[in-house]
Amino acid sequence: MRPFAYERAADAAAAVALLAAHPRAKPLAGGTNLVDLMRLGVEDPDTLVDINRIDFGGIDDLEAGGIRVGAGVRNSDLAGSLSVRVKFPVLAEAILAGASGQVRNMASVGGNLLQRTRCLYFTDTTKPCNKRLPGSGCPAIAGSSRELAILGASPSCIATYPGDMAVALSALSASVNFLTLDGEREMAVDDFYRLPGDRPELDTNLPAGAVITGITVPSLAAGVRSTYRKARDRRSFAFGLVTLAAALHIEGGIIVDVRLAFGGVAHKPWRATRAEALLRGSAAEIERFEAAIDAELAQATPTEENAFKVALLRRLVVGTLVDLSLEAAP
């Protein structure tokens with residue numbers, strides 16, 4: 001790990017000012033991802049701006065039925081919140097599916113949103129990687145790609161976003177609140193993350209020097225059933241091969257609303273908008289579920305090593321929708 005300066009911000013505005021004054025600085029909260037990458041030599045900030053003393057707020061119920069969560073809330077506290085478990089079980093389940101209890105106790109909500117890929121070429125500084133060193137190439141495409149993207153990849157990068165919480169937030173149509181030198185801003189989670197295109201070094205559309213202050217999750221209609229499913233190589237402390245955040249609202253056997261977001265298959269949490277559009281207004285039947293996921297997966301461009309993800313994700317989606325539709329049955 002290379003030497004770095006340390007600054008402690010008194011408030012969010014001070015943190016933004018420090019980040020503006022030190023363009024190579026990084027904010028430090030739980031450090032569960034950033035510090036690991038610094039030890040590997042992947043991240044090389046000249047300054048760490050400690051934001052742990054800033055009061056970003058807690059977990060607050062909103063009048064409209066949603067919640068607002070401060071960026072400094074630890075993942076364990078968010079998953080354990082009674083309000084979250086009652087209103088948004090998919091979010092609580094997603095957080096509990098990630099990492100270990102010790103890591104969740106340290107990891108912050110804001111930091112969780114910014115975690116970087118675990119592609120082995122990205123984390124190995126002896127290998128070329130367009131995400132780490134733009135223009136150096138993507139050896140994963142012809143190399144070891146079992147855990148990598150099948151959707152939204154580009155000739156420049158097939159890395160995947162590794163997190164769980166953001167996948168649930170995508171399905172919930174949540175938004176990210178952040179502060180810049182120009183003031184407070186808000187961005188939908190689906191706009192916050194980006195596909196690699198020809199700029200794979202950029203994980204998000206968060207402006208340079210901005211500080212995440214929280215997330216806002218709008219309410220779900222009464223009667224919505226939701227869950228998070230994760231297929232992985234081992235049952236605990238493993239990143240997902242494919243993951244699914246799903247919410248289903250059925251009335252009279254007809255799908256009124258459906259939310260589907262995938263993890264482990266793209267550079268960002270993948271909102272399955274094609275499948276959702278086909279399912280809304282249709283009968284809650286297995287044939288409809290199969291047709292919808294097939295339409296979504298028609299966009300897939302897997303490698304030989306990760307082609308199994310297509311069938312795995314298809315089974316996960318269909319099985320989960322069947323389970324949720326049975327729960328919703330009178």
Side-chain angles (χ1 to χ4, degrees), residues 7-30 33-34 43 45 47-75 78 84 88 91 95 107-116 152 161 163 165-197 199-220 245 259 261 266-271 273:
E7 300 280 356
R8 179 180 291 168
D11 53 38
V16 171
L18 284 166
L19 292 171
H22 303 279
R24 289 184 52 231
K26 291 281 187 179
L28 174 69
N33 185 218
L34 175 60
E43 292 281 10
T47 305
L48 290 183
V49 178
D50 189 336
I51 59 175
N52 282 293
R53 303 295 180 90
I54 299 174
D55 182 9
F56 290 109
I59 304 169
D60 299 315
D61 291 305
L62 303 177
E63 288 186 9
I67 58 170
R68 198 270 178 187
V69 182
V73 171
R74 303 300 164 174
N75 284 4
L78 183 58
V84 172
F88 309 107
L91 179 56
I95 295 170
S108 68
V109 165
N112 188 299
L113 293 173
L114 295 174
Q115 63 183 299
R116 309 204 68 188
Y161 174 77
M165 183 186 76
V167 179
L169 292 175
S170 174
L172 293 168
S173 298
S175 57
V176 180
N177 313 117
F178 56 93
L179 182 66
T180 71
L181 288 174
D182 297 323
E184 288 274 1
R185 291 177 57 186
E186 186 175 23
M187 188 184 300
V189 165
D190 290 337
D191 296 326
F192 180 78
Y193 294 102
R194 63 187 306 281
L195 293 176
R199 295 293 307 277
E201 71 275 16
L202 300 177
D203 295 330
T204 74
N205 290 312
L206 185 71
V211 171
I212 295 174
T213 57
I215 55 174
T216 302
V217 186
S219 63
L220 287 174
R259 317 282 188 87
H267 194 257
K268 59 179 285 185
W270 184 272
R271 185 70 181 264
T273 54

Scan the side chains in residues 202-210 for donor-acceptor partners under 3.5 Å anywhere in the protein, sequence neighbours excluded, and list what turns up.
| from | atom 1 | to | atom 2 | distance (Å) |
| --- | --- | --- | --- | --- |
| Asp203 | OD1 | Lys131 | NZ | 2.6 |
| Asp203 | OD2 | Arg116 | NE | 2.7 |
| Asp203 | OD2 | Arg116 | NH2 | 3.3 |
| Thr204 | OG1 | Leu206 | N | 3.1 |
| Asn205 | ND2 | Asp191 | O | 2.7 |

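Asn52 is not listed as a side-chain neighbour of Arg8, based on a closest heavy-atom distance of 4.5 Å or more. Counting heavy atoms from C-beta outward, Asp50 and Glu7 have side chains that stay 4.5 Å or more apart. In this structure, Phe192 and Leu114 have side chains that are in contact, with non-hydrogen atoms separated by less than 4.5 Å. Between Pro27 and Leu19, some side-chain heavy-atom pair lies under the 4.5 Å cut-off. Gln115 is listed as a side-chain neighbour of Tyr161, based on a closest heavy-atom distance under 4.5 Å. No side-chain heavy atom of Ser175 sits under 4.5 Å from any side-chain heavy atom of Met187.
No donor-acceptor pair closer than 3.5 Å links the side chain of Ser170 to the backbone N or O of Pro269. No donor-acceptor pair closer than 3.5 Å links the side chain of Arg194 to the backbone N or O of Pro200.
Nearest heavy-atom pair, Val176 versus Phe178, reported as atom, atom and distance to 0.1 Å: O-CD2, 3.8 Å. Scanning all heavy atoms of the two residues, the minimum distance from Ser219 to Ala64 falls at OG-O, 3.3 Å. The two atoms that bring Phe88 and Ile67 nearest to each other are CE1-CG1, 3.8 Å, heavy atoms only. Considering all non-hydrogen atoms of both residues, Met165 and Asn75 come closest at SD-OD1, 4.4 Å. Across Val49 and Ala25, no two heavy atoms sit closer than the pair CG2-CB, 4.2 Å. Ala29 and Arg74 get closest at one heavy-atom pair: C-NH1, 4.0 Å.
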Trp270 and Val167: CA distance, side-chain angles, deciding distance, side chain to side chain contact (heavy atoms under 4.5 Å, CB included) verdict: CA-CA 8 Å; Trp270 184 272; Val167 179; over 6 Å; no
CA sep, side-chain torsions, deciding dist, call: Arg259, Leu220, side chain to side chain contact (heavy atoms under 4.5 Å, CB included): CA-CA 11 Å; Arg259 317 282 188 87; Leu220 287 174; 3.8 Å; yes
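Side-chain atoms of Asn177 and Thr216 include a donor-acceptor pair closer than 3.5 Å.
Rounding to the nearest 0.5 Å gives a distance of 3.5 Å between CD1 of Ile95 and CG of Leu78. Separating the CD1 atom in Ile212 from the OG atom in Ser108 is a distance of 8.5 Å, to the nearest 0.5 Å. In this structure, CG on Leu179 lies 5.0 Å from CD on Glu184, to the nearest 0.5 angstrom. A distance of 6.0 Å separates CG in Leu34 from CG in Leu48, rounded to the nearest 0.5 Å.
With respect to Leu169, the side-chain contact (heavy atoms from CB on, under 4.5 Å) criterion is satisfied by exactly one of Val69, Leu91, Asn112: Leu91. Remark: of the listed residues Val73, Val109, Val211, Val211 is the sole one forming a side-chain contact (heavy atoms from CB on, under 4.5 Å) with Phe56.
Sorted by first and then second residue, the salt bridge (Lys or Arg N to Asp or Glu O under 4.0 Å) pairs involving residues 60-70 (not counting sequence neighbours) are Asp61-Lys87. Screening residues 12-30 for side-chain hydrogen bond (donor to acceptor under 3.5 Å, both in side chains), with sequence neighbours left out, gives Arg24-Asp44.
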